[in-house]
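Here the structure is laid out as structure tokens; the discussion comes afterwards.
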Amino acid sequence: VWIFGYGSLVWRPGFEFTSRKVGFIRGYSRRFWQGDTFHRGSERMPGRVVTLLEDRGACTWGVAYEVRGEQIAASLQYLNMREAVLGGYDTKLVKFHPQEKDGEEPILALVYIATPQNPSYLGPASEEDIAAQIIVSSGCAGHNIEYLLRLADFMRYFCPQAEDKHLFSIEEALISILPCLYYTEDSLEET
């Protein structure tokens with residue numbers, strides 16, 4: 001069984017797997033439209049995490065994990081709690097296209113997607129409003145800022161050819177609000 005991750009699963013799957021591949025699925029855009037009152041936020045201050053939105057011409061990059069044998073039941077039980085029960089996500093099967101072409105056909109993978117019917121679904125907002133909400137939110141898995149920055153870093157380092165305007169616009173909005181978070185070697189030398 002293959003499981004496709006496009007949010008925190010890209011850096012913290014939380015389950016044992018046999019192999020992993022970076023790649024993409026078609027027909028979906030990643031959006032920070034899902035509320036989170038457990039992992040990256042609270043009831044009082046929900047965080048913002050990603051879900052997928054059907055989008056015919058788009059593709060979303062992430063990581064597919066192969067689970068085998070005893071790993072299957074354990075990983076699905078873990079993900080059902082993490083994504084479905086706590087996160088409110090539904091499951092779908094999608095075609096995953098590995099980044100490394102070496103003659104491979106697309107792989108059928110399980111993916112978790114939050115829908116507008118989900119009670120924690122927040123829907124669209126401006127990049128600035130999403131960034132402002134991320135800045136003040138924290139949950140049992142850590143600060144919402146970490147979630148955004150780790151996802152942006154994954155895209156930058158593992159999928160440099162891919163575009164994710166929504167993600168990088170929110171990161172840019174966050175940087176404009178909290179410029180002290182970012183120091184380059186050049187800026188450190190000047191001070």
Side-chain angles (χ1 to χ4, degrees), residues 3-17 25 28-55 58 60-63 65 67 73-94 109-156 164-182:
I3 299 163
F4 178 67
Y6 56 91
S8 59
L9 289 181
V10 302
W11 73 84
R12 188 179 61 91
F15 56 86
E16 286 188 33
F17 55 90
I25 62 171
Y28 293 93
S29 294
R30 177 180 16 235
R31 293 290 181 261
F32 274 85
W33 291 3
Q34 174 67 8
D36 186 323
T37 59
F38 185 78
H39 296 292
R40 299 293 175 166
S42 65
E43 290 290 335
R44 206 168 59 78
M45 298 193 118
R48 283 240 181 200
V49 293
V50 292
T51 187
L52 295 177
L53 178 69
E54 286 191 34
D55 185 351
T60 297
W61 285 79
V63 176
Y65 297 94
V67 292
S75 63
L76 293 178
Q77 183 178 7
Y78 168 76
L79 288 169
N80 185 52
M81 179 56 70
R82 175 176 163 173
E83 305 296 336
V85 175
L86 297 174
Y89 289 70
D90 294 330
T91 55
K92 280 191 172 185
L93 284 175
V94 292
L110 185 67
V111 66
Y112 290 81
I113 301 174
T115 66
Q117 291 73 39
N118 178 308
S120 295
Y121 192 81
L122 298 174
S126 71
E127 283 82 6
E128 295 76 19
D129 287 347
I130 293 172
Q133 187 172 354
I134 287 171
I135 287 169
V136 297
S137 301
S138 186
C140 69
H143 204 288
N144 208 179
I145 293 173
E146 176 195 26
Y147 181 97
L148 169 66
L149 298 180
R150 281 186 175 242
L151 187 53
D153 283 348
F154 164 79
M155 287 297 294
R156 202 170 277 114
D164 193 325
K165 187 176 179 193
H166 178 75
L167 171 66
F168 292 121
S169 295
I170 295 168
E171 181 191 38
E172 200 173 289
L174 181 118
I175 292 167
S176 72
I177 297 168
L178 294 175
C180 60
L181 286 178
Y182 292 86

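Note that the numbering runs from 1 along the sequence shown for the chain.
The salt bridge (charged side-chain N to carboxylate O under 4.0 Å, His left out) check on Arg30 picks up Asp164, with sequence neighbours excluded. Every residue was checked against the salt bridge (charged side-chain N to carboxylate O under 4.0 Å, His left out) condition with Glu43, not counting sequence neighbours, and none meets it. By the ring pair (Phe, Tyr, Trp, His ring centres under 6.0 Å) test, Phe15 pairs with Tyr65, sequence neighbours left out. Evaluation of the side chain to side chain contact (heavy atoms under 4.5 Å, CB included) rule for Leu122 yields Arg48, Gln133 as partners, not counting sequence neighbours. When the side-chain hydrogen bond (donor to acceptor under 3.5 Å, both in side chains) test is applied to Ser8, the partners found at least two apart in sequence or on another chain are Arg82. For the side-chain hydrogen bond (donor to acceptor under 3.5 Å, both in side chains) test, residues two or more places apart in sequence or in another chain that qualify with Ser29 are Asp55. Residues meeting the salt bridge (charged side-chain N to carboxylate O under 4.0 Å, His left out) test with Arg12, sequence neighbours left out: none. Every residue meeting the side-chain hydrogen bond (donor to acceptor under 3.5 Å, both in side chains) condition with Thr115, not counting sequence neighbours, appears here in chain and number order: Gln117.
Of all heavy-atom pairs spanning Tyr121 and Ala114, the tightest one is CE1-O, 4.0 Å. Taking every heavy atom of both residues into account, Leu167 and Met155 meet most closely at CD2-CG, 3.6 Å. Heavy-atom minimum distance, Ala131 versus Ile177: CB-CD1, 4.2 Å. Gly7 and Trp11 get closest at one heavy-atom pair: O-CZ3, 3.6 Å. Nearest heavy-atom pair across Gly5 and Val10 is O-CG1, 3.4 Å.
Remark: side-chain polar atoms of Ser176 are paired, donor with acceptor, to backbone N or O of Ala173 under 3.5 angstrom. At least one donor-acceptor pair closer than 3.5 Å links the side chain of Thr60 to the backbone N or O of Tyr28. The main-chain N or O of Tyr112 is found under 3.5 Å from a side-chain atom of Tyr6 such that the two form a donor-acceptor pair.
Rounding to the nearest 0.5 Å gives a distance of 9.0 Å between CD1 of Ile130 and CZ of Arg31. How far CG of Asp36 is from CD1 of Ile134: 11.0 Å, rounded to the nearest 0.5 Å. If you take CZ on Phe38 and SG on Cys140, they are separated by 3.5 Å, rounding to the nearest 0.5 Å. With rounding to the nearest 0.5 Å, the separation of CD in Glu171 from CZ in Phe32 is 9.5 Å. Here Phe4 contributes atom CZ and Ile113 contributes atom CD1; the two are 9.5 Å apart, rounded to the nearest 0.5 Å. Note that CG of Leu151 and CG of Leu9 are 11.0 Å apart. Values are rounded to the nearest 0.5 Å.
Among residue pairs with one or both ends in residues 141-151, those qualifying as side chain to side chain donor-acceptor pair (under 3.5 Å) are Arg40-Glu146, Glu146-Arg150; sequence neighbours excluded. Counting only residues at least two apart or in different chains, salt bridge (Lys or Arg N to Asp or Glu O under 4.0 Å) contacts with residues 113-132 are absent.
Under the 4.5 Å side-chain criterion, counting only non-hydrogen atoms from C-beta, Trp33 is in contact with His166. Between Leu110 and Leu76, the closest side-chain pair of non-hydrogen atoms falls below 4.5 Å. Contact check for Asp90 versus Asn118: no side-chain heavy atoms found under the 4.5 Å cut-off.
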Could you walk me through whether Glu172 and Lys165 pass the salt bridge (Lys or Arg N to Asp or Glu O under 4.0 Å) check?
-> CA-CA 10 Å; Glu172 200 173 289; Lys165 187 176 179 193; over 6 Å; no

Give the C-alpha distance, both sets of side-chain angles, the deciding distance and a yes or no for side chain to side chain contact (heavy atoms under 4.5 Å, CB included) between Thr91 and Val111.
-> CA-CA 6 Å; Thr91 55; Val111 66; over 6 Å; no

For side chain to side chain contact (heavy atoms under 4.5 Å, CB included), just list the numbers for Leu149 and Leu174, CA-CA rounded to whole Å, side-chain angles, deciding distance to a tenth of an Å, and then say yes or no.
-> CA-CA 10 Å; Leu149 298 180; Leu174 181 118; 4.2 Å; yes

Evaluate the criterion side chain to side chain contact (heavy atoms under 4.5 Å, CB included) for residue pair Ser42 and Thr37; output intermediate values, then yes/no.
-> CA-CA 4 Å; Ser42 65; Thr37 59; 5.8 Å; no

